[in-house]
J.: 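What follows is a structure written as structure tokens; I'll ask about it next.
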2 protein chains.
Amino acid sequence: MKDKKKELTKNQKIVLDFIQKSNKPVKAYSILSNVSKKGLKAPPQVYRALEKLMEVGEIHKIESLNSFVACNSKCIEPNGTIFSICKSCDQTKEVSNTELFKFLSDIKDMNGIELSGYNLELFGTCKTCKT
Amino acid sequence: MKDKKKELTKNQKIVLDFIQKSNKPVKAYSILSNVSKKGLKAPPQVYRALEKLMEVGEIHKIESLNSFVACNSKCIEPNGTIFSICKSCDQTKEVSNTELFKFLSDIKDMNGIELSGYNLELFGTCKTCKT
DNA sequence: AATATTTTGTTATAATATAACATTACCTTC
DNA sequence: GAAGGTAATGTTATATTATAACAAAATATT
């Protein structure tokens, strides 16, 4: 018997678990060294898990940091992500600015391109780093 | 006597020239191999030029493609960039949606982070690739 | 010319990511 | 439960992207 929504596999769970426990975006090779005790010993094992986790919306990639973060809640629109990133400490938060979200989602065409997704990275300095 | 606005150096001009002639985002090692006949033989020479060109706003990095494009016009706000990217052919265009630009620029605080810049990458399929 | 500064050149290596193939686990269906 | 298929994992090697560290040359300043 087959479940409609696929369960995550062992390696995917291990990787997701580590990302969720981190309070910052984490890099692939950092994940690798941190889960090596759980049996993942080579980059492809981590990258395969990451790819799947992104597909199902459990995590996002922060492109400007080459790092990965857990989706902070049910990911309504996995193709549209908004993050605020502290340039000083790399602390990252997923933004839920409804107005902004709506604004971006409503853009249907841009430069003749039919839009299907977006990634917005907002940079600045967080309170902790400013003081 | 010292100019207020610094001229670009030889290597910077070579790299910028190649990027401007390309009609797509180009990768660092692609730049390297294409300007090797002009004397740039090693990655640091290209990366140094790229860093400077980004600083002065002549080019932007497309993070999701690890590629570089020339700024399409006078870069009013180098810390805020908006690009539309065709997922199929990587054709990229800098977006000048005034409303969107204003919206993003008006965000002064997000999650306790004082914003100083942003990078928005819009994904979709261009007309050519759709047909 | 002597000195400082910036730019360039060079070697080596770090960091990020994927290709390709071997092996194991796990379902089915007979 | 054996046979065969599919998905997941393991493994080796290598491709791609980027920077550190130092040497040499060019340029500017005194």
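Throughout, a chain's letter reflects where its sequence line sits, starting with A, and its residues are numbered from 1. Below, each value reflects all heavy atoms present in this structure, side chains not excepted, and no hydrogens, waters or symmetry copies.
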J.: With a 4.0 Å cutoff (strictly under), does any side-chain N or O of Thr9(B) reach OP1 or OP2 of dT6(C)?
T.: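 For dT6(C), OP1/OP2 do not have a side-chain N/O of Thr9(B) under 4.0 Å.
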
J.: Taking all non-hydrogen atoms of both residues, which atom of Phe123(A) and which atom of Lys87(A) are closest, and how far apart?
T.: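 Closest pair (atom of Phe123(A), atom of Lys87(A), distance): CB-CG, 3.9 Å.
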
J.: Can you name the residues that form a side-chain hydrogen bond (donor to acceptor under 3.5 Å, both in side chains) with Lys21(B), not counting sequence neighbours?
T.: Asp17(B)

J.: Using C1' atoms of five pairs at each end, report the bend of the helix from dA1(C)-dT30(D) to dC30(C)-dG1(D) rounded to 10 degrees.
T.: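 For the helix from dA1(C)-dT30(D) to dC30(C)-dG1(D), the axes at either end differ by 30°.
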
J.: If you look at every strand shown and take non-hydrogen atoms under 4.0 Å, does Lys41(A) touch a base, only sugar-phosphate, or nothing?
T.: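 The residue Lys41(A) makes no contact with any strand.
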
J.: Expressed as a whole number of angstroms, how long is the span from Leu8(B):CG to dT6(C):P?
T.: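 My rounded result for the distance is 17 Å.
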
J.: Identify all side-chain donor-acceptor contacts of residues 23-31 of chain A below 3.5 Å with residues at least two apart in sequence or on another chain.
T.:
{"unit_1": "Lys24(A)", "atom_1": "NZ", "unit_2": "Cys89(A)", "atom_2": "O", "d": "2.9"}
{"unit_1": "Lys27(A)", "atom_1": "NZ", "unit_2": "Leu65(A)", "atom_2": "O", "d": "2.9"}

J.: My understanding is that only residues two or more places apart in sequence, or in another chain, count here; which of them pass ring-ring contact (aromatic ring centres under 6.0 Å, His included) with Phe103(B)?
T.: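 Expected list: Phe103(A).
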
J.: If you group Ile, Leu, Val, Met, Phe, Trp and Tyr by side-chain heavy-atom gaps below 4.5 Å, do Phe83(A) and Val95(A) land in one group?
T.: no

J.: May I ask you to verify if any side-chain N or O of Gln45(A) is less than 4.0 angstrom from the OP1 or OP2 atom of dT9(D)?
T.: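 Negative; the distance criterion is not met.
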
J.: Rounded to whole angstroms, how far apart are CD1 on Ile31(A) and P on dA15(C)?
T.: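 Value for this atom pair: 16 Å.
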
J.: Any chance you could lay out the ring-ring contact (aromatic ring centres under 6.0 Å, His included) test for Phe68(A) and His60(A), step after step, and finish with the verdict?
T.: CA-CA 6 Å; Phe68(A) 302 85; His60(A) 302 294; over 10 Å; no

J.: Rounded to whole angstrom units, what separation is found between the NZ atom of Lys10(A) and the P atom of dA25(C)?
T.: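 Taking atom P of dA25(C) as the reference, NZ of Lys10(A) is at 9 Å.
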
J.: Could you run through nucleotides 16-24 of chain D and give me one letter per nucleotide, 5' to 3': B if any protein heavy atom sits under 4.0 Å from the base, S if only the sugar-phosphate is that close, - if neither?
T.: -BBBBB---

J.: Do Ile62(A) and Ile85(A) pass the side-chain contact (heavy atoms from CB on, under 4.5 Å) test, and can you show the C-alpha distance, the side-chain angles, and the key distance before you say yes or no?
T.: CA-CA 9 Å; Ile62(A) 310 292; Ile85(A) 303 164; 3.6 Å; yes

J.: Rounded at 0.5 Å granularity, tell me how far OG1 in Thr9(A) sits from NZ in Lys52(A).
T.: 7.0 Å

J.: With a 4.5 Å limit on heavy-atom distance, are the side chains of Lys13(A) and Asn11(A) in contact?
T.: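 A side-chain contact is absent here, since even the closest heavy-atom pair is not under 4.5 Å.
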
J.: So, the side chain of Glu51(B) versus the backbone of Arg48(B): is there a donor-acceptor pair under 3.5 Å, distance only?
T.: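 Answer holds: no.
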
J.: What is the distance, to the nearest angstrom, from the CG atom on Leu32(B) to the P atom on dT11(C)?
T.: 14 Å

J.: Starting at atom NZ of Lys13(A), determine the distance to atom P of dA8(D), rounded to an integer number of angstrom.
T.: 12 Å

J.: Quickly work out the Glu7(B) CD to dT6(C) C1' distance and round it to whole Å.
T.: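 Rounded to the whole Å, the gap is 15 Å.
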
J.: Ignoring hydrogens and geometry, is there a side-chain-to-backbone donor-acceptor pair from Ser22(A) to Phe18(A) under 3.5 Å?
T.: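 Pair found, side chain donor or acceptor close to backbone of Phe18(A).
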
J.: Whole-Å distance between dT8(C) C1' and Ile14(B) CD1?
T.: 11 Å

J.: In whole angstrom, give the distance that lies between atom CG of Leu50(A) and atom C1' of dA17(C).
T.: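 Rounding to the nearest Å, CG of Leu50(A) and C1' of dA17(C) are 11 Å apart.
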
J.: For DNA chain D, which residues in residues 15-23 of chain A have a heavy atom at a distance below 4.0 Å?
T.: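 Listed by number, there are none.
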
